[in-house]
2 protein chains.
Amino acid sequence: MAKAKKKSSRDRILDAAEKLFAQHGFDGVTMRQIMRAAGADVALAYYHFKSKRDLFDAVMLRRVELLNEIRLEALEDLERRHKDNPPTVEEIISAFVNPLLELLAREQGKWRHYYALIAQINNSTEFGGELMTRYFDPLVKRFIGALRRALPECDERDLFWSYHFLSGALTLTFAETGRIDNLSGGICRSDDMDAANARMPAFIAAGFKALCVPRKQSAPKRAKRKTVSRRARK
Amino acid sequence: MAKAKKKSSRDRILDAAEKLFAQHGFDGVTMRQIMRAAGADVALAYYHFKSKRDLFDAVMLRRVELLNEIRLEALEDLERRHKDNPPTVEEIISAFVNPLLELLAREQGKWRHYYALIAQINNSTEFGGELMTRYFDPLVKRFIGALRRALPECDERDLFWSYHFLSGALTLTFAETGRIDNLSGGICRSDDMDAANARMPAFIAAGFKALCVPRKQSAPKRAKRKTVSRRARK
DNA sequence: GTCTATAGCTTGATAGAC
DNA sequence: GTCTATCAAGCTATAGAC
């Protein structure tokens, strides 16, 4: 807020769109709503971005580059500090998660909406597979490489499924939906990202270490679904 | 497919709505699209359900009761088998997850779309807090009670955050978005729920056990975000 | 229960003045 | 860059015939 008083209309449109897309999804928002929030006419949105979908893509693209850059830097810093012995699983997870907190601390409102948007995309059948792959997989593969070195005898499939569980836990947590507030009767709060961050790396790292161990066969033992009762028809 | 050839139009509308809502979200689908897929006129939808929102609620409600009932039964069966000593964390998680697989095996197509819908709702800022609380929290509290007994010295907040991580991992996994297929270069498949189920309980149980341990103080140690580099401005 | 027909509005997008 | 004005299309929802 020091110098940045003169914000371009393009940025104000992106800000308004980011917030509204995060709250209601791509189809839950109209260009008119966005432009009302941005304080300008609809036609201006089509001047800067030629369609609603292009505006959406611009919202996504605006932050993803910085986010990935900072995460990569966190990982490289970590590896530099551990010249020979690889860093621990927990340290690697922290390098993946901490930058999200750091950015949140920098500009409270903006990143919060962005994370909520990512959570929706990650869990969307329509966009999840495609967009998450396009925007995040190069970085994620880099992190998985580090995890592979920290868990040298790990089966590849266990590694990918473990990351998948991490991804689900992470995006839901940063979506701040308010559910944990209700479930816990108020003793946990969705917007308490420090509380989440104090717990997630330990939780996730334990999962990786439990799953990514050498096996007799490379395939995991199959659970037998024995907990389902025999009266399993309606 | 044995006997059920005569399906009521009400059910055909619900089936079509379930599939389309799961694929594109509430606002991403029109009543016309739904009724085109259901093979009847739009007006019929308003006859059976009086609004689009009511149709959506009916889609949600149709399956949630059976789902929760079977899960509760799985937990009660488990506890019955462990009269005195409480079941393990992993067994409890399996009782929470296995019924999803069981229902999927019963009616492939239907539940698959339903799970994808749940994943979107769970991660929606707009509906997540409210709807997940309304539909699932009674059952979830029952499971958390069982986990509390299996982890007797656990801090309450650790318990709720652990469940939160479980919830994110679980809903994303059952959404089958196709992302893990891309990320893993094809060696893991989103629709291979047996592979997911073989891994998730072990992963999640390890997380619970790592986090839910007695501490010196009840508050967890704060991570210091030390992995973020000093050059953290754009 | 199921359809036709239509009301009343909102949508994404554009043409063109300034 | 920004606005006014407008379009064709599609939207939710209802009234009323059968």
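Both backbone and side-chain heavy atoms feed into the values below; hydrogens, waters and symmetry mates do not. Below, chain A is the first sequence line, B the second, and so on; all start at residue 1.
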If I take atom [atom1] in residue [X] and atom [atom2] in nucleotide [N], what distance separates them, rounded to the nearest angstrom?
X     : N      : atom1 : atom2 : result
A:M35 : D:dC3  : CE    : C1'   : 11 Å
A:Q33 : C:dT10 : CD    : C1'   : 10 Å
A:F49 : D:dT2  : CZ    : P     : 11 Å
A:H48 : D:dC3  : NE2   : C1'   : 12 Å
A:R10 : D:dT2  : CZ    : P     : 12 Å
A:M31 : D:dT6  : CE    : P     : 21 Å
A:I34 : C:dT10 : CD1   : P     : 17 Å

**Request:** Can you establish whether the number of heavy atoms outside A:K19 located under 6.0 Å from its atom NZ is more than 12?
**Result:**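 Incorrect, the count does not exceed 12.
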**Request:** Give a yes/no answer on whether the side chain of B:T30 brings an N or O atom under 4.0 Å of OP1 or OP2 in D:dG10.
**Result:**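 For D:dG10, OP1/OP2 do not have a side-chain N/O of B:T30 under 4.0 Å.
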**Prompt:** OP1 or OP2 of C:dA13 sitting under 4.0 Å from any side-chain N/O of A:Y46?
**Reply:**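 Answer is yes, contact under 4.0 Å.
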From the options [options], select the nucleotide whose nearest atom is closest to the side chain of [X].
X     : options              : value
A:S51 : C:dC3, C:dA13, D:dC3 : C:dA13
B:Y47 : D:dT4, C:dT2, D:dT2  : C:dT2
B:A43 : D:dC3, D:dT14, C:dG1 : D:dT14
A:S9  : C:dC3, D:dT4, D:dT2  : D:dT2
A:D41 : C:dT4, D:dC3, C:dA13 : D:dC3

**Request:** State whether A:W111 and A:R106 meet the cation-pi test: NZ (Lys) or CZ (Arg) under 6.0 Å from the six-membered ring centroid, and within 45° of the perpendicular axis.
**Result:**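 So A:R106 doesn't make the cation-pi contact.
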**Request:** Determine, for B:R189 against B:D194, whether the closest basic-nitrogen to carboxylate-oxygen distance falls under 4.0 angstrom.
**Result:**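 No.
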**Prompt:** Is a salt bridge present between B:K7 and B:D11, judged by a nitrogen-to-oxygen distance below 4.0 Å?
**Reply:**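 No, no charged N to carboxylate O under 4.0 Å.
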**Partners passing side-chain hydrogen bond (donor to acceptor under 3.5 Å, both in side chains) against B:E176 (at least two apart in sequence or in another chain)** =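 Testing B:E176 for side-chain hydrogen bond (donor to acceptor under 3.5 Å, both in side chains), a comparison that skips the adjacent residues, returns B:R112.
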**Residue whose closest nucleotide on DNA chain D lies nearer the 5' end, A:R32 versus A:L44** =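 Going by which nucleotide is closer to the 5' end, it is A:L44.
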